[in-house]
Amino acid sequence: MPRVNLGRDPAEERRTQTRKIIKAAIGRQEMTHRDVAHKAGISPPVFSSRLNKNEWRLEEMVSLVSILHLTADEAAIILGVKK
């Protein structure tokens with residue numbers, strides 16, 4: 001019998017929320033993905049891949065908080081401290 005997942009996926013919800021926060025902050029700062037990638041010390045293709053898959057390293061997330069001037073609530077959400 002096939003498995004049916006009727007529940008929500010908290011990990012996917014966090015990935016989606018993190019992407020939205022980062023994209024909104026990039027827009028507020030009037031920067032491009034390339035600008036943010038260079039300031040974070042990663043290549044633009046790696047930045048794009050990490051943004052899509054939400055596979056960030058902790059030091060990259062901390063850099064993004066600083067580069068994008070995220071609020072404390074936004075930082076807590078993307079760092080996984082707050083839902």
Side-chain angles (χ1 to χ4, degrees):
M1 190 154 144
R3 293 177 60 184
V4 178
N5 184 1
L6 299 176
R8 61 185 245 279
D9 182 2
E12 182 57 37
E13 289 176 3
R14 181 169 176 257
R15 283 190 292 271
T16 300
Q17 194 170 27
T18 298
R19 260 191 306 277
K20 285 180 181 179
I21 290 169
I22 292 171
K23 287 182 177 184
I26 290 170
R28 283 194 311 264
Q29 296 297 319
E30 297 180 358
M31 299 173 81
T32 65
H33 287 198
R34 178 172 292 237
D35 296 335
V36 177
H38 286 298
K39 287 185 177 195
I42 56 179
S43 70
V46 170
F47 178 82
S48 180
S49 174
R50 296 236 165 97
L51 185 60
N52 290 330
K53 295 178 184 177
N54 199 40
E55 295 178 350
W56 300 98
R57 295 183 179 144
L58 179 59
E59 53 278 357
E60 292 167 345
M61 295 295 276
V62 171
S63 291
L64 289 176
V65 169
S66 175
I67 293 165
L68 298 173
H69 306 288
L70 297 179
T71 65
D73 284 339
E74 290 171 329
I77 291 168
I78 71 166
L79 293 171
V81 178
K82 181 178 177 181
K83 293 183 180 180

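By the neighbour-count criterion of 12 heavy atoms within 6.0 Å, atom CZ of Arg34 is sparsely surrounded, having that number or fewer from other residues, nucleotides or ligands.
One distance of note links NZ of Lys20 with NZ of Lys23; it measures 10.0 Å at 0.5 Å rounding. The distance from atom CD1 of Ile21 to atom CD1 of Ile78, rounded to the nearest 0.5 Å, is 6.5 Å. The CG atom of Leu51 lies 9.5 Å from the OG1 atom of Thr18; values are rounded to the nearest 0.5 Å.
Residues passing the ring-ring contact (aromatic ring centres under 6.0 Å, His included) test with His33, sequence neighbours excluded: Phe47. Listed by chain and residue number, nothing satisfies the salt bridge (Lys or Arg N to Asp or Glu O under 4.0 Å) test with Asp35 (two or more places apart in sequence, or in another chain). Every residue was checked against the salt bridge (Lys or Arg N to Asp or Glu O under 4.0 Å) condition with Arg14, not counting sequence neighbours, and none meets it. Legend: residues meeting side-chain contact (heavy atoms from CB on, under 4.5 Å) with Glu12, ordered by chain and number and at least two apart, are Asp9, Arg15, Thr16, Arg19.
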Please list, one pair per line, the donor and acceptor atoms closer than 3.5 Å that link side chains of residues 62-72 to other protein atoms, with sequence neighbours excluded.
from, atom 1, to, atom 2, distance (Å)
Ser63, OG, Glu59, O, 3.1
Thr71, OG1, Glu74, N, 3.1
Thr71, OG1, Glu74, OE1, 3.4

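Counting only residues at least two apart or on different chains, the salt bridge (Lys or Arg N to Asp or Glu O under 4.0 Å) pairs with a member in residues 44-56 are Arg50-Glu60.
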